[in-house]
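Contents: one structure, followed by commentary.
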2 protein chains.
Amino acid sequence: MGVAERKERHKEDLKKDILTAAKQLFTEKGFEATSIRAIAEKIEYSPATIYLYYKDKNEIVHALHQDGFNLLMQHFSKIDFSQSAFARLIALGRAYMQFAFEHPDVYTLIFSMKEPMQHVTDCEKEWHEGDRAFSLLYKTVEECKQEGYFKDMESVGMSFMIWSAMHGLCTLRTSGHLEHMALSCAEVTSLKMDVNTLLDHNFETFIKLLEKLKN
Amino acid sequence: MGVAERKERHKEDLKKDILTAAKQLFTEKGFEATSIRAIAEKIEYSPATIYLYYKDKNEIVHALHQDGFNLLMQHFSKIDFSQSAFARLIALGRAYMQFAFEHPDVYTLIFSMKEPMQHVTDCEKEWHEGDRAFSLLYKTVEECKQEGYFKDMESVGMSFMIWSAMHGLCTLRTSGHLEHMALSCAEVTSLKMDVNTLLDHNFETFIKLLEKLKN
DNA sequence: CTAATTTACTAAACACTGTTCATAAAATTT
DNA sequence: AAATTTTATGAACAGTGTTTAGTAAATTAG
């Protein structure tokens, strides 16, 4: 029936409205400062209404979680896939870092927060977005091997270590730890560094490290 | 005057009581679930009293932050310093991981949360604890160089990448991301893995990686 | 040994948070 | 037009960090 469909569409619309409002507030004011009431006010509905479309806040967070992953994949899709596997690996790392830098809150949401991940396991859902991203890394690592890199190294472990290294760098950056180290490092190494140059420097060191694993 | 001293001691005592109560609740129920009211109840004082000894919750968190770092350093002090620099580096990594595994909430507090770090920069305080830990890593890296490792690699960048790799691994573990990947990885690689074996596997891969950087 | 003053403490309130539920309004079906 | 289903909400619950005004206790002064 056409009417039922239209109603269903309306319902879906409101569901998306809630999500876009949440995303907006979320990116504007950060996750911590985004309340159900604020989302409700933005879409001009009562707070209680939101609970007719989402079971709880975690379900909203989970939806944003998926959204954030698509954004990451979007960043990945920009890279030139005609390059060598190793060059692609570096490009992946750079895109990953840029994503974390441009959308720190989204990054924290999808990679650091426990809640969205907990929601996935609670609902016994699969995490296709994450799997896809990881398998992209994994395949690139495997292809790097054919180019002579990472000999004798197990690919899964290697992929995880690359991911970990990048993830660690990004989280140390967003949490403010790197910023602080940049200052105190200046004393030790007598090199004045701002956060971003330190970040770049560390990434370049990582590339150099990976390059040394050839032949 | 003796009386004033005794009073001062009493005051300091209560300040420490608040902290130990906070730490206890914190390690029992996690950070999120620890409220000022709960701390107050544990020490049998009014919530308002706590604000006579600590400006706000951030100040308590900051105190716990320092405490957590001492705990980390305690873990570090257990390692055998008569070994080679490289063996010490590995031992440092292992101790770091064990610390993160045994005290996940403390780890999150000192390395992942923005608030305590923000408090440091807000009060224009130094972060000696962090500096000490990092310089321990830095010096070990430098000594590794004398053993033939990390040739041509810049030490600061190298130290940061090692830290990042370990930090990334630990946070992916505590956030539940690694747990999820362990399941989906089983499909790809047809290797059934539980989280801890995957964690160990990844760390072993990292060691292998570092070993390849000799000569 | 009272009286004044300083110090230590707390009850109550404020402005929030996520969430639930009975009730009301709107839309749809009979 | 009446009955029914769907949709939306006001009000409340239990919780959070924090502030303030006022009380009880300890200390000092007379």
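In what follows, chains carry the letters A, B, and so on, assigned in the order in which the sequence lines appear, proteins first and then strands, with residues in each chain numbered from 1. Just so we're clear, the structure is a prediction, and the values are computed from it rather than from any experiment.
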Practice prompt. Using heavy atoms and a sub-4.0 Å distance, could you list which residues of residues 34-43 of chain B are near DNA chain C? By number, please.
Written response: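 Under 4.0 Å from DNA chain C: B:Arg37.
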Worksheet item: Residues from residues 51-62 of chain A sitting under 4.0 Å of DNA chain C, heavy atoms only?
Response: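 Result for residues 51-62 of chain A: A:Tyr51, A:Asp56, A:Lys57, sorted by number.
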Worksheet item: Could you give the distance from CZ (A:Phe111) to CE (A:Met166), rounded to the nearest 0.5 Å?
Response: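 Reported to 0.5 Å precision, the distance equals 11.0 Å.
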Discussion item. Once salt bridge (Lys or Arg N to Asp or Glu O under 4.0 Å) is applied, what residue pairs with a partner in residues 166-177 of chain A remain, sequence neighbours excluded?
Written reply: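 Non-adjacent pairs meeting salt bridge (Lys or Arg N to Asp or Glu O under 4.0 Å): zero.
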Practice prompt. Could you check A:Pro47 against B:Pro47 and say which one's nearest nucleotide on DNA chain C is further toward the 5' end?
Written response: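 By nearest-heavy-atom nucleotide position, the 5'-most residue is B:Pro47.
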Worksheet item: Is the Lys NZ or Arg CZ of A:Lys23 less than 6.0 Å from the centre of A:Phe31's six-membered ring, within 45° of the axis?
Response: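 Here A:Lys23 fails the 6.0 Å and 45° test against A:Phe31.
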Worksheet item: Quick one: is A:Tyr45 getting a side-chain N or O under 4.0 Å of the D:dT9 phosphate, OP1 or OP2?
Response: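 For D:dT9, neither OP1 nor OP2 has a side-chain N or O of A:Tyr45 closer than 4.0 Å.
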Worksheet item: Between A:Ser46 and D:dA8, is there a side-chain N or O to OP1/OP2 distance below 4.0 Å?
Response: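 Checking A:Ser46 against D:dA8: no side-chain N or O falls below 4.0 Å of OP1 or OP2.
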Worksheet item: Which angle, to the nearest 10 degrees, lies between the helix axes at the two ends of the helix from C:dC1-D:dG30 to C:dT30-D:dA1, each defined by five pairs?
Response: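 It comes to 30° between the two terminal axes.
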Can you list, pair by pair, the side-chain donor-acceptor contacts under 3.5 Å of residues 100-107 of chain B, counting residues two or more places apart and other chains?
| residue | atom | partner | partner atom | Å |
| --- | --- | --- | --- | --- |
| B:Glu102 | OE2 | B:Gln98 | NE2 | 2.7 |
| B:Tyr107 | OH | B:Tyr96 | OH | 2.7 |
| B:Tyr107 | OH | B:His167 | ND1 | 2.7 |

Worksheet entry | is_close_aromatic(A:Phe134, A:Phe160), centroid dist under 6.0 Å |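 Centroid separation for A:Phe134 and A:Phe160: below 6.0 Å.
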Worksheet item: Does B:Glu204 pair with B:Arg94 as a salt bridge, N-O distance under 4.0 Å?
Response: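 Answer for the salt bridge query: yes.
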Practice prompt. Applying side-chain contact (heavy atoms from CB on, under 4.5 Å), name anything that partners A:Ser155, two or more places apart in sequence or on another chain.
Written response: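 Partners of A:Ser155 by the side-chain contact (heavy atoms from CB on, under 4.5 Å) criterion, ordered by chain and then number, come out as A:Tyr138, A:Val141, A:Glu142, A:Lys145.
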Worksheet item: B:Ile18 has an atom CD1; how far is it from atom P of C:dA8, in whole Å?
Response: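 That distance rounds to 13 Å.
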